[in-house]
Amino acid sequence: MFNQFTIDPLSFFLYIIKPAFADLVPGNMPYDGTLHEFTLMDNVTSKRSIIDIRRVKNILQRRDASCDIKYSKVAGTSTRQIEVTELQAGVKHCKHQFYQGCLADWRGGDPLFGNRAIDGFFKDAVKTDIASNSYFGDVSRAVNPASEWSTTMYDGIFTWIKKYINGGVISTNQTFSIPANVNLRANPAVAYNIIKNLADRQNTLMRNMPASEKAIYCSQAVADGYAEYMRQIGGAYQIALYSNGVGILAYDNIAILPEPIWEPVLEELGGAFTHAAILTLRGNFVFATDNKYGEEDDFENPVALHVWREKKELSWYWQMFLKAGTQMGLPEHTVVGLSNFNL
Amino acid sequence: MIAVDNDALKDICKKCDCTGFAPALNYAYNVGATTVTITDASVFGAGDTFKRVNVEIYDDFGGSVKGTIAAAAGNTGALSVATLSPVKGLGIKATVSSNGGCVSDGSANNIVASGSLGDFDKDFTSSETGNVTAPPAI
């Protein structure tokens, strides 16, 4: 997780770029999610209607002596929308301003703070913001001036879950509170109960879907506590599922996929020992973007990332433009446990 | 007789805008005391109410100060911009959101003693109340 840069022997020095949360966010631009668990819709220019069609049963009738038949409906409908919002990010860097004082020695050929490094930092920062907003974004959340994480750019999955619970789409039987202020790594039985609650509270239709089509997403503390519980009760109860040769946690063959950035963001939003866990269908989280969005380059093609040097200002500029939005495909097939439902 | 119930589909398009929502924010910049106060003056459509304004005051050197307005026609209080450098002017970006799901972003650049934010984007999101409904009884 470390990157090292060295410069020429005449001014030998070693750099270590400390791991940042950006390193926990895998994949390429614009988005590739636990991010790999999200379904990507990359052609939403503004909004797109989602029409939910629900097939019905109860269509058979008994016959009487008449020649009249009762005609019934076979499906009901409701609508939702997936929307994207326009976002932008920019960085500018004047090398002359940077290499002052002791740094003047390095002005000649230092690769670290050259444009390529800043390019990487810029893209990583955008990726991290996309990850934190896609889960925790809420445009109407009061911004905390001291916050480290970006969570007010667009509505994310937890905001949608809150809306769907309030709207009655996710039944309250499928939600439960995680006890507050509990260190799950020191109380593994509580972590086990969280996982068990998720599985026990599935609705009938969801329970009968194959385990391979479902997944449990949770913060690292929940996964660690559950793993510790498994170790404490001994190998006879070990439940492991191998995916690509790497052992992962599972419950009833449902994979448990911890999301590394959940724990730090939840701590910032809800205080220490704030936890979250969701059991849902894989691919249920949708990330929407517009792969044709950007500002024009020199050839009048819309381009999402502009990098150029402005001679008059002696500065390099980076500008990025993208659209982002989230939605859930089948919100009714979600079980969620949270320490605090009003993050 | 139709085989598929279309009641929820007939007015999809009518839930596409936030007519009646007119975001407006005014600011006051006290150069001597290095404070900026932003006041809400937004108008909302019938049945819709104020939810939140998030503001960010920034300089041209990467510095920023954030604040929020929690009540309709309220203000941020005097936000201290002492940590920002006014050499190339200060700017304000703000996001206004309503309980009905209308959201709009506006800004002011190179702020003076007092003025208003402008360039509010009209790309409102659809009303939340029409966007999340329980599935119909079958």
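We name chains A, B, ... by the order of the sequence lines, and we start the count at 1 in each one.
- Atom CD in Glu86(A) sits 9.5 Å away from atom CG in Asp105(B) (nearest 0.5 Å).
- The number of heavy-atom neighbours closer than 6.0 Å to CG of Asp119(B), taken from other residues, nucleotides and ligands shown, is 12 or below.
- Across Arg141(A) and Arg52(B), no two heavy atoms sit closer than the pair C-NE, 3.7 Å.
- The environment of NZ in Lys292(A) is sparse: at most 12 heavy-atom neighbours from other residues, nucleotides or ligands sit within 6.0 Å.
- Among residues at least two apart or in separate chains, side-chain hydrogen bond (donor to acceptor under 3.5 Å, both in side chains) pairs with a member in residues 62-86 of chain B are Asn54(B)-Thr68(B), Glu56(B)-Ser64(B).
- Put simply, CG on Asp5(B) and CZ on Arg54(A) are 11.5 Å apart, with the number rounded to the nearest 0.5 Å.
- Considering all non-hydrogen atoms of both residues, Val143(A) and Val55(B) come closest at CG1-O, 4.5 Å.
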